[in-house]
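As structure tokens, the structure follows; a few thoughts come after it.
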Amino acid sequence: MAKIFRKIRHKMIRDKKVINYVLYAIGEIILVVIGILIALSINNSNELKKPEMQKKSISKK
């Protein structure tokens, strides 16, 4: 997958389409930020569930 993006990036630079390359780079940065935000959201929800799981675990013993 990364190979495909690398080819696209090199082609844009070679063809001197700087504006397209900048838009591509901004889009890539946005995708990374979205991925990080999703990971943080999942982590936060798991942290909130931990005390509930511990209570259930203690009550079963």
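Position 1 is the first residue of the sequence, and the numbers go up from there. Hydrogens, waters and symmetry mates are skipped; everything else that's a heavy atom, side chains included, is used.
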**OP:** Give the intermediate values and the outcome of salt bridge (Lys or Arg N to Asp or Glu O under 4.0 Å) for residues Glu47 and Lys50.
**Re:** CA-CA 5 Å; Glu47 289 294 325; Lys50 274 186 181 180; 3.4 Å; yes

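Tracing side-chain contacts under 4.5 Å through hydrophobic residues (I, L, V, M, F, W, Y), one reaches Ile26 starting from Ile34; they form part of the same cluster. Tyr24 and Ile4 fall within the same hydrophobic cluster, where Ile, Leu, Val, Met, Phe, Trp and Tyr residues are linked whenever their side-chain heavy atoms come under 4.5 Å apart, directly or through other members.
By the 4.5 Å side-chain criterion applied to Ile, Leu, Val, Met, Phe, Trp and Tyr, Leu40 is assigned to a cluster that also includes Val32, Ile36.
Separating the CG atom in Leu48 from the CG atom in Asn43 is a distance of 9.5 Å, to the nearest 0.5 Å.
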